[in-house]
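Notes follow once the structure below has been shown.
When reading the values below, keep in mind they use all heavy atoms of this one structure, side chains included, and skip hydrogens, waters and symmetry mates. First listed ligand is number 1; within each ligand, the first listed atom is number 1. In this text, all values refer to a predicted model and were calculated from it rather than measured experimentally.
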Amino acid sequence: MLAIDVSTPQTPADFGQPKRVLVVEDEELIREMVALALQDEGYSVSCVDNGRDALACLTGRRAEGDDRAFDLIVLDIMLPHINGLDLCRVLRQQGNPIPILVLSAKASETDRVLGLEVGADDYLCKPFGMRELIARCRALLRRARTDREQNTPEVFAFEGIELYPQQCRVVVRGEEVNLAPKEFRLLELFVQSPRRVWSREQLLDRIWGFDFVGDSKTVDVHIRWLREKIEIDPSRPQYIVTIRGFGYRLG
Ligand code: CA
């Protein structure tokens, strides 16, 4: 992987944490200009210079100590290892809904159409101005947020547990419970599919990322903490049940 800049911007582009943008571009000058322009807007920017590293960033373990997923990709088409169109195609096949803004020197109608067909959300032809780039990025992030809000139910409820995904709130038997981010995401996964059995490996993949260095004991530890916060009797869990030899299940 090339330079990763996780500098904290002065002015967050949105409320809460700054949006994370992955810039995938092999031309150094363009990459740096794009990264700077986005940072100036308050986004947190990471850069890679080829498609293979981009895929690793997007499907694998994120930078150490930072498990937030990216919110947007600015993606060049002509790239070493895996080109931008193939990368788009792979991400969409994996069901990854992340907004993608494709950059390309190819101005022909065919390439534009191809980019959108493989799942890019918008398209910018080189050379482009940084103000236009920023405007497109903003629009994509805004649209993604609206889609997410429309698609996410306001509350998941399961036998005395209410989880409000948009507010990161959990109420258990009428009382507000404070969960750490990993605990919240575990519970969110469980309440979305009650009675589904999750193996430790599946939970590791979903919550920690594929390349997580560590073992499935991590899952057990977080499950224990979660139980202490939501179960009536954590030593005899009613909600998060252990299925011996398989993993865990809600209910
Ligand atoms: Ca290129």
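When only modelled atom types and interatomic distance are considered, Tyr164 and Glu162 share a side-chain donor-acceptor pair under 3.5 Å.
The side-chain heavy atoms of Gln238 and Ile232, taken from C-beta on, include no pair separated by under 4.5 Å.
Among all heavy-atom pairs drawn from Cys88 and Val102, the shortest one is SG-CG2, 4.4 Å.
For a distance threshold of 3.0 Å, the protein N, O or S atoms nearer than that to the Ca ion (ligand 1), listed by chain and number, are Asp26 OD1, Asp76 OD2, Met78 O.
Proximity of a side-chain donor or acceptor of Glu183 to a complementary backbone N or O of Ala180 within less than 3.5 Å is detected.
A salt bridge is absent between Arg31 and Asp76: the closest approach of a Lys/Arg side-chain nitrogen to an acidic carboxylate oxygen does not fall below 4.0 angstrom.
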**OP:** Applying side-chain contact (heavy atoms from CB on, under 4.5 Å), run through Val45 and Val34 and close with a yes or a no.
**Re:** CA-CA 9 Å; Val45 182; Val34 168; over 6 Å; no

